[in-house]
Every structure is written in C-alpha cells, then in structure tokens.
Amino acid sequence: MTAETIETERRTGERSDRSGWAATGAGVLGALAMTSCCILPLVLVSLGVTGVFIGQLTALYAYKWVTFSFAAAALSYGFWKAYRPVPAKDCGTGACARPVDRDLMRGLLWGALAVVLLALAFPYVAPRILTF
Amino acid sequence: MKHLLLAASLSFAPVALQAEEAETRLHVTSLTCPSCSYIVAATLKRIDTVEIAEFAEGEAEDGLYVLHYDDAVTNPEALIAAVTGVGYGASLATGSGS
C-alpha cells in the first residue's frame, strides 16, 4: 500500500467521521426543535419564565411534521454512521482507535431519539398527566 | 360573660374583613398546540388567589376559562395582562362579572 493510498483512506475516514458528527448534531437540533412546542414552553412557564416568545414558540406546532422529518432523517443517518461496522481496512484511519467518540455519538443519538419520541407522545400523554 | 362576647366577636372579625370572591370568564385565543391551554393555566395560577373553576375548549383554537379569585388581590385587567404577557390573546367573555 503506497503512502498516497493511506493518505486518501485517512481523508475519507475523517470526512465520514465528520458527516457522522454533523448528522448527530442535526439530530440533536431537530430533537430540540421538536420540544420547542410543546414541552419547552411548558417547562419555562412552570419555572416562572414569562414573555411573548412563549406563545410564538408554541405557534411552531404547525410545523411539527417539518421538524420531525428533519430530526428523523438526521437521526437515521447518524445511527447508520454510529452503528455500521468499520471495515478492517479502515482501521488505519483511526476509526477503530477512537471507540469513545463512537460511544459519545451513540449516547447523543439515543438521547435525541428519546426526546423526539417524548415530543411525539406528548399530545396524547398531556391530558393524562397535566391538570388545570 | 363580657370576655366571652369579646372573644366571640374577635374570632369573627377576620371573616368580616375578607374580600368577596370574584368570578371572571376569560376568552383566550391562539391556543394552537396541545400544551397551550396548560401554559395559560399555569400563568394564571401564578397570580395569588386565582383558581381555575372551569375550562372549555373552543373549536377555533380558543378556550374559555372561568376564574375565581379574591378581588382585593387581583382584577380582570391583571388576568388579561398575564395571559397576553405569554403571547396569547385574551378578553373578557360575554357574561363575565365580578
């Protein structure tokens, strides 16, 4: 294997790593966007935060399928990146040498998925757990 | 006997000084999401003495809150201001009074 081939593989591995993290970041952002209505405003008001922006945040509920689609696409790509087996030939790129990075990525993805599921279930759960 | 009468009159004094409980019906708009009615309710309940006696959800993303409160502590204008302060529309519903 020539030095040029190794360098090309290293760059490919780094690019792949970056796209995985970008997907993870996008997934986390998508999850947060999904909580902007309706969990986040409710938590803020319960903590005593007030302001017209509360009503503006809840107006984002109309776009819930847009934020859900974004989050689902980003999380799917992120999970694929985080769980696909790393081919032995790519170990030279360092992907096998940094298992902690992958664990962190997986943790963030699972956390974001939990938040997305919570946001999806909220409209059905809210009347059972919240009272006037 | 005098002491007994004095004690009895003193024990009733706080009741005589208490303000009347008032009722206001608030019509709230822009309840666009599942948690909106709870957000408005939480905001209203942060005002001293305010209790939500009833809530009726409307069909046009609106709702009617029947509120009970001590009129010496707050008033309908303050209730409306609290609701508009979190970005929702509020007005006194027809038939409201205190």
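If you're wondering where the values come from, they're calculated on a predicted model, not measured in any experiment. Residue numbers begin at 1 in each chain, while the letters A, B, ... track the order of the sequences.
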*asked:* Taking the side chain as everything from C-beta on, heavy atoms only, tell me whether B:Ile39 gets closer than 4.5 Å to A:Ile54.
replied: yes
*asked:* Under 4.5 Å between side-chain heavy atoms, counting indirect links through other Ile/Leu/Val/Met/Phe/Trp/Tyr residues: same cluster for A:Leu60 and B:Val40 or not?
replied: yes
*Would you indicate whether the side-chain heavy atoms of B:Ser35 and A:Tyr61 approach each other to under 4.5 Å?*
no
*asked:* As an exercise: rank B:Cys36, B:Ala82, B:Ser37 by heavy-atom pairs under 4.5 Å with chain A and give me the winner.
replied: B:Ser37
*Is there a side-chain contact between B:Tyr38 and A:Pro127 (heavy atoms, below 4.5 Å)?*
yes
*asked:* Quick check on B:Thr43 against chain A: is it the side chain, the backbone, both or neither that has a heavy atom closer than 4.5 Å?
replied: both
*Is there a path of hydrophobic side-chain contacts, each under 4.5 Å between heavy atoms of I, L, V, M, F, W or Y residues, that connects B:Val28 with B:Phe55?*
yes
_Proximity breakdown for A:Thr58 and chain B, heavy-atom pairs closer than 4.5 Å_ = both
*Interface moiety of A:Tyr124 toward chain B, non-hydrogen atoms closer than 4.5 Å*: neither
*Hey, can you tell me if A:Phe132 and B:Tyr65 have their rings parallel, tilted or perpendicular (30° and 60° cut-offs)?*
perpendicular
*Same cluster for B:Leu67 and B:Ile80 if Ile/Leu/Val/Met/Phe/Trp/Tyr side chains link at under 4.5 Å?*
yes
_At a heavy-atom distance under 4.5 Å, which candidate from A:Gly55, A:Cys38, A:Ala59 has the highest pair count against chain B?_
A:Cys38
*Sort out for me which of A:Leu57, A:Ile39, A:Thr131, A:Leu130 touches chain B most, counting heavy-atom pairs under 4.5 Å.*
A:Leu130
*Please check if A:Phe68 and A:Phe70 belong to a single hydrophobic cluster, counting links between Ile, Leu, Val, Met, Phe, Trp and Tyr side chain heavy atoms closer than 4.5 Å.*
no
_Counting only heavy atoms not in A:Trp110 (residues, nucleotides, ligands), do more than 12 fall under 6.0 Å from its CH2?_
no
*Are B:Val83 and A:Val52 grouped together when hydrophobic residues (ILVMFWY) are joined by side-chain heavy atoms under 4.5 angstrom apart?*
no
